[in-house]
Amino acid sequence: MEGNCAIVQSVTEMEASFTLYPNPSNDWVTLSGWEGAAQVTITDVSGRVVREETLRNNRLETASLTDGVYVVSLANGERTSSMRLIVQH
């Protein structure tokens, strides 16, 4: 059909390859199930990046984050995974 085109989007639901605890968190959160180094990106619900850092000791400080819902994304080369984090003080 000339002049017509269709856009098809596919969303694949993937299980996170790590866990966060405690979740909800207030001061610190521990990551379990992720092996090796990783670049951590924390975004708020509007998609704004609020922190970027290198994962050390499988712990992240959350005391400086305001109460709310965040997405914690880990990346190491081509491997990436994300999980929701709730911060409550």
Side-chain angles (χ1 to χ4, degrees):
M1 299 173 75
E2 195 172 320
N4 291 330
C5 72
I7 298 174
V8 177
Q9 293 181 326
S10 174
V11 176
T12 303
E13 195 73 30
M14 296 179 64
E15 255 185 66
S17 60
F18 66 97
T19 57
L20 297 170
Y21 64 90
N23 193 5
S25 176
N26 59 7
D27 292 327
W28 289 91
V29 66
T30 301
L31 285 87
S32 176
W34 184 273
E35 298 298 323
Q39 181 64 31
V40 179
T41 304
I42 301 175
T43 56
D44 63 16
V45 292
S46 68
R48 183 177 60 96
V49 174
V50 295
R51 185 181 303 153
E52 290 182 308
E53 62 186 78
T54 301
L55 181 62
R56 289 183 174 77
N57 301 323
N58 287 350
R59 291 186 69 186
L60 296 172
E61 178 271 325
T62 58
S64 63
L65 298 174
T66 59
D67 288 2
V69 178
Y70 298 88
V71 175
V72 176
S73 300
L74 302 181
N76 182 357
E78 292 185 23
R79 181 177 168 209
T80 61
S81 188
S82 298
M83 185 168 206
R84 183 179 62 167
L85 170 67
I86 299 170
V87 174
Q88 291 178 330
H89 298 287

Can you tell which of Asn26, Asn23, Leu85 makes a side chain to side chain contact (heavy atoms under 4.5 Å, CB included) with Thr62? Leu85
Atom pair OG1/CG of Thr30 and Asn58 - distance to nearest 0.5 Å: 8.0 Å
Rounded to the nearest 0.5 Å, the CG atom of Leu65 sits from the CD1 atom of Ile86 at a distance of 13.0 Å
Starting from Val29, can I reach Val50 by hopping between I/L/V/M/F/W/Y residues whose side chains sit under 4.5 Å apart? yes
So, taking the atom named OG in Ser64 and the one named NE2 in His89, what distance separates them when rounded to the nearest 0.5 Å? 7.5 Å
Here the pair of heavy atoms bringing Trp28 nearest to Arg59 is CG-NH2, 3.0 Å
In terms of heavy-atom contacts, Trp34 and Ala38 come closest through NE1-CB, 3.3 Å
Heavy atoms of other groups near Arg84 CZ, more than 12 under 6.0 Å: no
Between CG of Asp67 and CD of Gln88, what distance do you get to the nearest 0.5 Å? 6.5 Å
Please check if the side chain of Ser17 supplies one atom and the backbone of Ser81 the other of a donor-acceptor pair under 3.5 Å. no
Check for a donor-acceptor pair, side chain of Asp44 on one end and backbone N or O of Ser46 on the other, with a separation under 3.5 Å. yes
If only atom types and distance count, is the side chain of Glu52 paired as donor or acceptor with the main-chain N or O of Ile42 below 3.5 Å? no
For Ser73, the side-chain hydrogen bond (donor to acceptor under 3.5 Å, both in side chains) test, sequence neighbours excluded, returns Ser82
Gap separating the OG1 atom of Thr43 from the CZ atom of Arg51, nearest 0.5 angstrom: 12.0 Å
Working to the nearest 0.5 Å, report the span between CG of Leu74 and CG of Leu60. 7.5 Å
